[in-house]
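Whatever order the structure lists them in is the order used to number ligands and atoms, beginning at 1. We count residues from 1, following the sequence as given. Because only heavy atoms are used, hydrogens play no part in the values below, and waters and symmetry mates are left out as well, while side chains stay in.
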Amino acid sequence: MAKLFRAVIMGPPGSGKGTISERIAQRFGLTRLSSGDFIRENIAANTDAGVLAKTYIERGLLVPDHVMTRLLLPRLEEMTRHSWLMDGFPRTLAQAEALNSTCDLDLVISLNIPYETLKERLSDRWIHPASGRVYNMGFNPPHVQGRDDISGEPLIQHDDDKPEALVARLRHYKDVAKPIIDLYKSKGILHTFSGTETDRIWPYINSLLSTKIPMEGTHRTQRPCTRGY
Ligand SMILES: Nc1nc2c(ncn2[C@@H]2O[C@H](COP(=O)(O)OP(=O)(O)OP(=O)(O)O)[C@@H](O)[C@H]2O)c(=O)[nH]1
Ligand SMILES: Nc1ccn([C@@H]2O[C@H](COP(=O)(O)OP(=O)(O)O)[C@@H](O)[C@H]2O)c(=O)n1
(Lines give C-alpha, C1' and ligand atoms only; values in the text may rest on other atoms or scores of the structure.)
(Ligands and ions follow the chains in the order given, each with its own letter.)
Protein backbone atom coordinates (compact mmCIF):
# COMPACT_ATOMS: atom_id res chain seq x y z
CA MET A 1 0.00 0.00 0.00
CA ALA A 2 1.61 3.27 -1.06
CA LYS A 3 1.90 6.30 1.25
CA LEU A 4 -0.54 9.05 0.22
CA PHE A 5 1.00 11.81 -1.88
CA ARG A 6 -0.46 15.31 -2.27
CA ALA A 7 0.89 17.96 -4.58
CA VAL A 8 -0.03 21.28 -6.16
CA ILE A 9 1.05 22.60 -9.56
CA MET A 10 1.21 26.38 -9.97
CA GLY A 11 1.88 28.63 -12.93
CA PRO A 12 0.50 31.57 -14.88
CA PRO A 13 -2.39 31.11 -17.33
CA GLY A 14 -1.25 28.99 -20.27
CA SER A 15 1.89 27.73 -18.54
CA GLY A 16 0.95 24.09 -19.08
CA LYS A 17 -0.51 23.16 -15.66
CA GLY A 18 -3.36 21.21 -17.23
CA THR A 19 -1.15 19.54 -19.82
CA ILE A 20 1.48 18.50 -17.28
CA SER A 21 -1.11 17.52 -14.64
CA GLU A 22 -2.67 15.13 -17.13
CA ARG A 23 0.72 13.53 -17.81
CA ILE A 24 1.46 13.25 -14.07
CA ALA A 25 -1.97 11.71 -13.38
CA GLN A 26 -1.47 9.14 -16.15
CA ARG A 27 2.17 8.34 -15.31
CA PHE A 28 1.81 8.14 -11.50
CA GLY A 29 -1.88 7.28 -11.02
CA LEU A 30 -2.65 10.41 -9.00
CA THR A 31 -6.17 11.90 -9.02
CA ARG A 32 -6.04 15.20 -10.91
CA LEU A 33 -8.09 18.03 -9.37
CA SER A 34 -8.54 21.17 -11.51
CA SER A 35 -10.01 24.20 -9.76
CA GLY A 36 -10.71 25.90 -13.09
CA ASP A 37 -12.69 22.92 -14.37
CA PHE A 38 -14.47 22.72 -11.02
CA ILE A 39 -15.50 26.37 -11.30
CA ARG A 40 -16.69 25.87 -14.87
CA GLU A 41 -18.77 22.85 -13.76
CA ASN A 42 -20.43 25.11 -11.17
CA ILE A 43 -21.02 27.83 -13.76
CA ALA A 44 -22.56 25.29 -16.16
CA ALA A 45 -24.72 23.93 -13.31
CA ASN A 46 -25.77 27.50 -12.44
CA THR A 47 -24.94 26.97 -8.75
CA ASP A 48 -24.81 30.05 -6.47
CA ALA A 49 -21.00 29.79 -6.35
CA GLY A 50 -20.89 29.33 -10.14
CA VAL A 51 -23.02 32.41 -10.83
CA LEU A 52 -20.85 34.48 -8.47
CA ALA A 53 -17.58 33.08 -9.87
CA LYS A 54 -18.65 33.92 -13.44
CA THR A 55 -18.86 37.64 -12.63
CA TYR A 56 -15.15 37.61 -11.69
CA ILE A 57 -13.87 35.30 -14.42
CA GLU A 58 -15.49 37.43 -17.14
CA ARG A 59 -13.33 40.35 -15.93
CA GLY A 60 -10.14 38.27 -15.79
CA LEU A 61 -10.18 38.49 -11.99
CA LEU A 62 -9.77 35.82 -9.32
CA VAL A 63 -12.85 34.44 -7.60
CA PRO A 64 -12.95 35.62 -3.94
CA ASP A 65 -11.01 33.43 -1.50
CA HIS A 66 -14.04 32.46 0.61
CA VAL A 67 -15.90 31.26 -2.52
CA MET A 68 -12.93 29.20 -3.74
CA THR A 69 -12.24 27.78 -0.29
CA ARG A 70 -15.86 26.80 0.25
CA LEU A 71 -15.93 25.24 -3.22
CA LEU A 72 -12.75 23.22 -2.92
CA LEU A 73 -12.00 22.21 0.67
CA PRO A 74 -15.10 19.99 1.11
CA ARG A 75 -14.03 18.31 -2.16
CA LEU A 76 -10.59 17.60 -0.64
CA GLU A 77 -12.19 16.15 2.49
CA GLU A 78 -13.72 13.46 0.25
CA MET A 79 -10.19 12.61 -0.92
CA THR A 80 -8.60 11.50 2.39
CA ARG A 81 -7.87 8.05 0.94
CA HIS A 82 -6.44 9.28 -2.37
CA SER A 83 -3.20 10.76 -3.60
CA TRP A 84 -3.92 13.86 -5.65
CA LEU A 85 -2.45 16.68 -7.69
CA MET A 86 -4.29 20.01 -7.55
CA ASP A 87 -4.12 22.42 -10.50
CA GLY A 88 -5.09 26.08 -10.05
CA PHE A 89 -5.52 26.16 -6.25
CA PRO A 90 -4.24 27.79 -4.12
CA ARG A 91 -4.09 31.02 -6.12
CA THR A 92 -3.72 33.41 -3.16
CA LEU A 93 -1.94 33.32 0.21
CA ALA A 94 -5.30 33.08 2.02
CA GLN A 95 -6.17 30.02 -0.09
CA ALA A 96 -2.73 28.51 0.61
CA GLU A 97 -3.19 29.04 4.37
CA ALA A 98 -6.70 27.53 4.23
CA LEU A 99 -5.27 24.53 2.38
CA ASN A 100 -2.38 24.22 4.87
CA SER A 101 -4.84 24.11 7.75
CA THR A 102 -6.64 21.25 6.02
CA CYS A 103 -3.98 19.08 4.37
CA ASP A 104 -0.19 18.97 4.41
CA LEU A 105 1.37 18.98 0.93
CA ASP A 106 4.34 16.84 -0.10
CA LEU A 107 5.42 18.93 -3.09
CA VAL A 108 4.63 22.06 -5.11
CA ILE A 109 5.59 22.41 -8.80
CA SER A 110 5.89 26.01 -10.03
CA LEU A 111 6.07 26.64 -13.81
CA ASN A 112 8.00 29.71 -14.92
CA ILE A 113 7.11 30.40 -18.60
CA PRO A 114 7.81 33.63 -20.52
CA TYR A 115 4.89 36.00 -21.27
CA GLU A 116 5.26 35.79 -25.08
CA THR A 117 5.04 31.99 -24.88
CA LEU A 118 1.89 32.20 -22.73
CA LYS A 119 0.26 34.67 -25.13
CA GLU A 120 1.05 32.48 -28.15
CA ARG A 121 -0.20 29.29 -26.47
CA LEU A 122 -3.48 30.74 -25.25
CA SER A 123 -4.33 32.28 -28.61
CA ASP A 124 -4.03 28.75 -30.06
CA ARG A 125 -5.85 26.97 -27.22
CA TRP A 126 -9.15 25.20 -27.98
CA ILE A 127 -11.12 23.37 -25.33
CA HIS A 128 -13.90 20.78 -25.29
CA PRO A 129 -16.09 22.30 -22.52
CA ALA A 130 -17.88 19.11 -21.47
CA SER A 131 -14.69 17.10 -20.80
CA GLY A 132 -12.13 19.90 -20.29
CA ARG A 133 -9.88 18.25 -22.90
CA VAL A 134 -7.38 20.85 -24.11
CA TYR A 135 -5.95 21.23 -27.63
CA ASN A 136 -3.51 23.61 -29.25
CA MET A 137 -3.35 24.26 -32.99
CA GLY A 138 0.46 24.24 -32.78
CA PHE A 139 1.19 21.73 -30.01
CA ASN A 140 -1.58 19.14 -29.88
CA PRO A 141 -4.18 19.81 -32.56
CA PRO A 142 -7.45 17.86 -32.74
CA HIS A 143 -7.70 15.21 -35.50
CA VAL A 144 -10.57 17.22 -37.04
CA GLN A 145 -10.20 21.00 -36.79
CA GLY A 146 -12.64 22.49 -34.26
CA ARG A 147 -13.86 19.07 -33.09
CA ASP A 148 -13.10 17.08 -29.90
CA ASP A 149 -11.22 13.86 -30.72
CA ILE A 150 -13.40 11.67 -28.50
CA SER A 151 -16.94 13.10 -28.80
CA GLY A 152 -16.68 14.96 -32.12
CA GLU A 153 -18.38 17.89 -30.38
CA PRO A 154 -17.33 21.48 -31.19
CA LEU A 155 -14.30 23.02 -29.47
CA ILE A 156 -14.43 26.54 -28.04
CA GLN A 157 -12.01 29.22 -26.91
CA HIS A 158 -12.33 30.73 -23.43
CA ASP A 159 -13.08 34.47 -23.37
CA ASP A 160 -10.42 34.91 -20.69
CA ASP A 161 -7.79 33.43 -23.06
CA LYS A 162 -7.95 36.49 -25.31
CA PRO A 163 -4.79 38.66 -25.19
CA GLU A 164 -6.64 41.64 -23.62
CA ALA A 165 -7.83 39.43 -20.71
CA LEU A 166 -4.45 37.68 -20.43
CA VAL A 167 -2.55 40.84 -19.53
CA ALA A 168 -4.85 41.47 -16.55
CA ARG A 169 -4.72 37.81 -15.46
CA LEU A 170 -0.96 37.67 -15.75
CA ARG A 171 -0.41 40.84 -13.72
CA HIS A 172 -2.82 39.48 -11.14
CA TYR A 173 -1.10 36.10 -11.09
CA LYS A 174 2.32 37.63 -10.44
CA ASP A 175 0.99 39.78 -7.58
CA VAL A 176 -0.79 36.95 -5.81
CA ALA A 177 1.60 34.07 -6.58
CA LYS A 178 4.73 35.56 -5.05
CA PRO A 179 3.79 35.13 -1.33
CA ILE A 180 2.59 31.59 -2.05
CA ILE A 181 5.86 30.71 -3.77
CA ASP A 182 7.77 32.22 -0.83
CA LEU A 183 5.64 30.20 1.62
CA TYR A 184 6.27 26.88 -0.11
CA LYS A 185 9.96 27.74 -0.61
CA SER A 186 10.20 28.32 3.17
CA LYS A 187 8.56 24.94 3.72
CA GLY A 188 11.18 23.33 1.46
CA ILE A 189 8.62 21.74 -0.88
CA LEU A 190 8.80 24.12 -3.89
CA HIS A 191 10.30 22.94 -7.20
CA THR A 192 10.45 25.52 -10.03
CA PHE A 193 10.73 24.60 -13.72
CA SER A 194 11.46 27.19 -16.43
CA GLY A 195 11.26 26.94 -20.19
CA THR A 196 9.12 27.42 -23.27
CA GLU A 197 8.28 23.81 -24.15
CA THR A 198 6.37 21.26 -22.06
CA ASP A 199 8.13 18.34 -23.76
CA ARG A 200 11.51 19.68 -22.57
CA ILE A 201 10.30 20.39 -19.03
CA TRP A 202 8.47 17.09 -18.61
CA PRO A 203 11.52 14.77 -18.19
CA TYR A 204 12.72 16.85 -15.22
CA ILE A 205 9.29 16.77 -13.56
CA ASN A 206 8.99 13.07 -14.29
CA SER A 207 12.33 12.24 -12.69
CA LEU A 208 11.64 14.46 -9.65
CA LEU A 209 8.27 12.77 -9.02
CA SER A 210 9.77 9.32 -9.57
CA THR A 211 11.98 9.97 -6.53
CA LYS A 212 9.16 11.51 -4.45
CA ILE A 213 6.13 9.31 -5.07
CA PRO A 214 6.36 6.09 -3.02
CA MET A 215 5.91 2.99 -5.10
CA GLU A 216 2.87 0.74 -4.51
CA GLY A 217 3.57 -1.83 -1.77
CA THR A 218 4.72 0.54 0.98
CA HIS A 219 2.38 1.24 3.93
CA ARG A 220 -0.53 3.62 3.10
CA THR A 221 -0.86 6.22 5.83
CA GLN A 222 -4.21 7.94 5.89
CA ARG A 223 -3.60 11.67 6.40
CA PRO A 224 -6.93 13.35 7.13
CA CYS A 225 -8.00 16.46 5.26
CA THR A 226 -9.98 17.84 8.20
CA ARG A 227 -12.29 20.83 8.04
CA GLY A 228 -9.77 23.46 9.11
CA TYR A 229 -11.56 26.52 7.68
N1 LIG B 1 3.06 25.31 -28.44
C2 LIG B 1 2.97 24.72 -27.23
N3 LIG B 1 1.75 24.67 -26.64
C4 LIG B 1 1.70 24.06 -25.42
C5 LIG B 1 2.82 23.48 -24.79
N6 LIG B 1 2.38 22.94 -23.58
C7 LIG B 1 1.05 23.20 -23.50
N8 LIG B 1 0.64 23.85 -24.61
C9 LIG B 1 -0.70 24.33 -24.97
O10 LIG B 1 -0.81 25.62 -24.38
C11 LIG B 1 -2.15 25.84 -23.88
C12 LIG B 1 -2.09 26.06 -22.38
O13 LIG B 1 -1.74 24.82 -21.76
P14 LIG B 1 -2.59 24.38 -20.45
O15 LIG B 1 -2.08 23.03 -20.02
O16 LIG B 1 -4.04 24.53 -20.74
O17 LIG B 1 -2.08 25.51 -19.46
P18 LIG B 1 -2.69 25.86 -18.05
O19 LIG B 1 -1.55 26.36 -17.21
O20 LIG B 1 -3.50 24.74 -17.52
O21 LIG B 1 -3.63 27.06 -18.44
P22 LIG B 1 -4.80 27.70 -17.54
O23 LIG B 1 -5.79 26.62 -17.32
O24 LIG B 1 -5.30 28.81 -18.39
O25 LIG B 1 -4.14 28.15 -16.28
C26 LIG B 1 -2.94 24.60 -24.28
O27 LIG B 1 -3.56 24.81 -25.54
C28 LIG B 1 -1.86 23.52 -24.41
O29 LIG B 1 -2.25 22.49 -25.34
C30 LIG B 1 4.08 23.54 -25.46
O31 LIG B 1 5.12 23.07 -24.98
N32 LIG B 1 4.11 24.17 -26.68
N1 LIG C 1 -8.18 29.42 -7.39
C2 LIG C 1 -8.77 29.89 -8.51
C3 LIG C 1 -8.80 29.13 -9.72
C4 LIG C 1 -9.41 29.67 -10.85
N5 LIG C 1 -9.99 30.91 -10.75
C6 LIG C 1 -10.71 31.56 -11.88
O7 LIG C 1 -11.09 30.58 -12.84
C8 LIG C 1 -10.53 30.93 -14.12
C9 LIG C 1 -10.21 29.67 -14.88
O10 LIG C 1 -9.22 28.96 -14.12
P11 LIG C 1 -8.21 28.00 -14.95
O12 LIG C 1 -7.26 27.43 -13.95
O13 LIG C 1 -8.99 27.06 -15.80
O14 LIG C 1 -7.53 29.01 -15.95
P15 LIG C 1 -6.22 29.87 -15.76
O16 LIG C 1 -6.61 31.12 -15.03
O17 LIG C 1 -5.24 29.04 -14.98
O18 LIG C 1 -5.80 30.16 -17.16
C19 LIG C 1 -9.30 31.76 -13.78
O20 LIG C 1 -8.93 32.60 -14.86
C21 LIG C 1 -9.80 32.56 -12.59
O22 LIG C 1 -10.59 33.67 -13.02
C23 LIG C 1 -9.94 31.63 -9.57
O24 LIG C 1 -10.44 32.76 -9.52
N25 LIG C 1 -9.33 31.12 -8.47
Would you indicate which of Met10, Arg40, Arg169 comes nearest to atom 9 (C) of ligand 2 when only heavy atoms are counted? Arg40

Gly18-ligand 1 polar pair, N/O distance under 3.5 Å: yes

The protein heavy atom nearest to atom 17 (O) of ligand 1 is Gly16 N, 3.0 Å

The side-chain hydrogen bond (donor to acceptor under 3.5 Å, both in side chains) partner of Arg23 among Asp199, Thr198, Asn206 is Asp199

With a cut-off of 3.5 Å and sequence neighbours excluded, list every side-chain donor-acceptor pair involving residues 139-146.
unit_1	atom_1	unit_2	atom_2	d
Asn140	OD1	Asn136	N	2.8
Asn140	ND2	Val134	O	3.0

What is the nearest protein non-hydrogen atom to atom 22 (P) of ligand 1, stated with its residue, atom name and distance? Arg125 NH1, 3.4 Å

Can you list the ligand 2 atoms lying under 4.0 Å from a non-hydrogen atom of Gly36? 10 (O), 11 (P), 12 (O), 13 (O)

Check whether any N or O atom of Gly138, backbone or side chain, sits under 3.5 Å from an N or O atom of ligand 1, and answer yes or no. no

In Å and rounded to the nearest 0.5 Å, what is the OG1 to CG distance from Thr102 to Leu73? 4.5 Å

Consider every N or O of Val63 and every N or O of ligand 2, then say whether any pair is closer than 3.5 Å. yes

Inter- and intrachain pairs under salt bridge (charged side-chain N to carboxylate O under 4.0 Å, His left out), touching residues 140-150, at least two apart: Arg133-Asp148

Is there any N or O on Asn140 that sits under 3.5 Å from an N or O of ligand 1? yes

Out of all atoms in ligand 2, which are within 4.0 Å of some heavy atom of Ser35? Include the element for each. 3 (C)

Applying a heavy-atom cut-off of 4.0 Å, say which part of Val134 lies close to ligand 1: side chain, backbone, both or neither. side chain

Atom indices of ligand 1 within 4.0 angstrom of Tyr135 heavy atoms, with elements: 27 (O), 29 (O)

Any non-hydrogen atom of His158 lying under 4.0 Å from ligand 2? no

The reported gap from CG in Asp161 to OG in Ser123 (rounded to nearest 0.5 angstrom) is 9.0 Å

Gap separating the OG1 atom of Thr92 from the CD atom of Glu97, nearest 0.5 angstrom: 8.5 Å

With a sphere of 6.0 Å drawn around OH of Tyr115, does it hold more than 12 non-hydrogen atoms of other residues, nucleotides or ligands? yes

Under 3.5 Å, N or O to N or O, is Leu122 touching ligand 1 that way? no

Identity of the nearest option to atom 12 (O) of ligand 2, non-hydrogen atoms only, from Arg125, Arg91, Lys17: Arg91

Using a strict threshold of under 4.0 Å (side-chain N to carboxylate O), is an ion pair present between Asp175 and Arg171? no

Below 4.0 angstrom from a heavy atom of Pro12, which ligand 1 atoms are there? Numbered from 1 as shown, please. 19 (O)

What are the atoms of ligand 2, with element, lying closer than 4.0 Å to any heavy atom of Gln95? 1 (N)

So, regarding Trp126 and ligand 1 (criterion: nitrogen or oxygen to nitrogen or oxygen, under 3.5 Å), is there a contact or not? no

Could you tell me which non-hydrogen atom of Asp124 sits nearest to which non-hydrogen atom of Gln157, and how far apart they are? C-NE2, 4.2 Å

If you take the nearest heavy atom of each of Gly11, Gly88, Ala165, which one is closest to atom 1 (N) of ligand 2? Gly88

Looking at every non-hydrogen atom in both residues, tell me the closest pair between Ala130 and Glu153 and how far apart they are. CB-OE1, 4.2 Å

Hey, is the main chain of Gln95 close enough, under 3.5 Å, to the side chain of Asp65 for a donor-acceptor pair? no

So which heavy atom in the protein is nearest atom 9 (C) of ligand 1, and how far is it from that ligand atom? Asn136 ND2, 3.5 Å

Tell me whether Glu197 has any N or O atom under 3.5 angstrom from an N or O of ligand 1. no

Considering only the protein, which heavy-atom contact is closest to atom 8 (N) of ligand 1, and what is its distance? Phe139 CD2, 3.5 Å

To the nearest 0.1 Å, how far is atom 31 (O) of ligand 1 from its closest protein heavy atom, and which atom is that? Thr198 N, 2.7 Å

Can an N or O of Asp87 be found at a distance shorter than 3.5 Å from an N or O of ligand 1? no

Near Ser15, which atoms of ligand 1 are under 4.0 Å from a heavy atom of that residue? 17 (O), 19 (O)

Give the residue and atom name of whichever protein heavy atom lies nearest to atom 18 (P) of ligand 1, and the separation in Å to one decimal. Lys17 N, 3.5 Å

Under 4.0 Å from one or more heavy atoms of Arg169, ligand 1 contributes atoms 24 (O)

Can you list the ligand 1 atoms lying under 4.0 Å from a non-hydrogen atom of Pro13? 24 (O), 25 (O)

Close-contact set for ligand 1 against Thr19 heavy atoms, below 4.0 Å: 7 (C), 13 (O), 14 (P), 15 (O), 28 (C)

